[in-house]
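Worksheet: one structure, shown below.
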2 protein chains.
Amino acid sequence: MSILAVGSVAFDNITSPAGSMENVLGGSGTHFAMAASFFTEVRVVAVVGEDFTAEHEAVLTKRGIDTRGIEHAKGKTFRWGGRYSENLNEAKTDFTELNVFEKFQPRIPQEYADSEFLFLGNIHPNIQAAVRLELEKVRLTGGDTMNFWINSARKELHETLRLVNVLLINDTEAKMIAEDSSLPRAARKVLAMGPQALVIKHGEYGATIFFREGAFGIGSHPFRAPALPIEEVKDPTGAGDSFAGGFMGYIASQGQLNREVLKRALFYGGVMGSFAVERFGTERMQTLTRPEIDARFQVFRELTHLE
Amino acid sequence: MSILAVGSVAFDNITSPAGSMENVLGGSGTHFAMAASFFTEVRVVAVVGEDFTAEHEAVLTKRGIDTRGIEHAKGKTFRWGGRYSENLNEAKTDFTELNVFEKFQPRIPQEYADSEFLFLGNIHPNIQAAVRLELEKVRLTGGDTMNFWINSARKELHETLRLVNVLLINDTEAKMIAEDSSLPRAARKVLAMGPQALVIKHGEYGATIFFREGAFGIGSHPFRAPALPIEEVKDPTGAGDSFAGGFMGYIASQGQLNREVLKRALFYGGVMGSFAVERFGTERMQTLTRPEIDARFQVFRELTHLE
């Protein structure tokens, strides 16, 4: 089934121990869509400027992504520059130019109205909520957020969390939202705010999904998927969105919503995140094949599988 | 088969968000032995002072631990005081009184000479090496170390690493030994120094075992075991030694040394670490039962097990 992603399309300047790249196609919508496109049909709602060329759009359309929801506005596309130090866990931002993204008001094309799966990338919680409320056929909404919104729009974020079925965030964000330094306690508190499931991404340690009691099945046991220990991480930018793309894309491809599907989706999220960091920007996703994904899924399985 | 543990016996003063406790029985040898005792026969070589009473010794002997190797010296037992802040990941040391431990020279009782499994707790690398070389029947040696030895006795540690089959350390220690900020690269470098397998403990994220190519089986794929998300961690002291006790104890109980055994051992390590932190000191181990261990092993399995 089709999944609709609302997020940013950006050009990134990235420096990591592996090198430097300028004007790399990126943004949460881009990374999510590229990863999800290996599993299901993907539609994107975003805004770009005049510097976004047909060649850039072809990166998405070659993966079969429906780009009719990408609005072309006057001015420049969102631009971000950042650098990663040796440990690669956190980026230091050099600059952020919102450009056309500053006044982004998602417009959902009529053709997208039947979308049953929705991913709300990391944008203002009010915009996330408005998109969700506009789409009447949605069966499952995944959402992301970040420290900036948690600090500056906490009340609005709380409202949005009631509309999100699966929230995908990292450890720090979970602790910030819950205002609790214990991860499992923070998870419980975030679930009490609305989501039926909470995916906490631990970077190189994998990810955990916590379920609200009874949501998507029986019980409330969490589930954990590993990450592949990768020696050469070239560019962590977009790893989280690629994770979300693999996770949500797999779910949308299954039709059923149960714990087994969500568990497998967590593995696929890790798989897609692990590919994304192997090259700068969308480079790895442009050459990736489904057999490679399936092979790595097996590697992830074996990574934690006891006979 | 019997496992011999060489390490410290200590009295700890511990403050955590869960409260404060004084004169808690601890030390690497104690925590290791208590955890390992659920799987196999355990022998301990350590030194204690006059403040170590029959009551303290009974904590160990009640678990069937052979304490004939614990030397009673004049003076006071090793004492440590520390406190954990909200995030519980790192202790701030209040004081360290080595006392009788300062001149610890392990004496291996004749009755221990047939030990086939050996755990070298966190003591000076030269003492670790001397113990290993004295024991001729040992089939597998596990070892621990810490930042203090990595910094102050790097050369000696390198010599000892050649004698250790499985090194058990945490992320920071692995990166320090290898002088590399990438965990998988660090793992490869540490394995090149001697050990056939390297267990890296990630705290609340579980643990990974890296194998030297061909060691204990075919290939060099790592394996990862989860940790249980625990809401109420009372006292993380000794979690690493309890992990090592579960890991080594399970291996010693199996007789065979192959990857499947080491993988299951990694899960049992996580299980024992997760119990250890539920109470202060050895308290949880004193009431723990094997059925509880087996039940939690199943929970750990389900935590990462796909249908």
Original post:
Of all of Lys263(B), His221(B), Glu307(B), which one pairs up most often with chain A through heavy atoms under 4.5 Å apart?
Top reply: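 Among the listed options, the one with the most contacts to chain A is Glu307(B).
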Distance-only side-chain donor-acceptor flag, [X] / [Y], under 3.5 Å:
| X | Y | result |
| --- | --- | --- |
| Thr237(B) | Tyr84(B) | yes |
| His202(A) | Thr208(A) | yes |
| Trp80(B) | Asp94(B) | no |

Original post:
Do the numbers put Arg259(B) on top of the ring of Phe223(B), so that NZ or CZ is under 6.0 Å from the six-membered ring centre and no more than 45° off the axis?
Top reply: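 Checked: cation-pi criterion not met.
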Measure [X] against the heavy atoms of chain B and call it side chain, backbone, both or neither at under 4.5 Å.
| X | value |
| --- | --- |
| Asp171(A) | side chain |
| Thr304(A) | both |
| Arg301(A) | side chain |

Non-hydrogen atoms of chain A under 4.5 Å away: do they reach the side chain of [X], the backbone, both or neither?
| X | answer |
| --- | --- |
| Leu228(B) | neither |
| Glu302(B) | backbone |
| Ala186(B) | neither |

Original post:
So, does Arg139(B) use its side chain to make a donor-acceptor pair with the main chain of Gly255(B) at under 3.5 Å?
Top reply: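 Confirmed, Arg139(B) side chain pairs with Gly255(B) backbone.
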Original post:
Under 3.5 Å, is there a donor-acceptor pair between the side chain of Arg154(A) and the main chain of Ile177(A)?
Top reply: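 Looks like yes, one N/O pair under 3.5 Å.
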Original post:
Between Arg284(A) and Glu292(A), is there a side-chain N and carboxylate O pair less than 4.0 Å apart?
Top reply: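 Yes, charged N to carboxylate O under 4.0 Å.
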Original post:
Out of Arg296(B), Gln298(B), Arg290(B), which one pairs with Asp294(B) under the side-chain hydrogen bond (donor to acceptor under 3.5 Å, both in side chains) rule?
Top reply: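 Among Arg296(B), Gln298(B), Arg290(B), the one that satisfies the side-chain hydrogen bond (donor to acceptor under 3.5 Å, both in side chains) with Asp294(B) is Arg290(B).
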Original post:
Where do Pro229(A) and Leu303(A) come nearest, in terms of heavy atoms and distance?
Top reply: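 Smallest heavy-atom distance, with atoms named: CD-CD2, 4.3 Å.
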**OP:** Tabulate, in ascending numerical order, the residues of residues 265-281 of chain B having at least one heavy atom closer than 4.5 Å to a heavy atom of chain A, or enter 'none'.
**Re:**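 Hits under 4.5 Å: Phe267(B).
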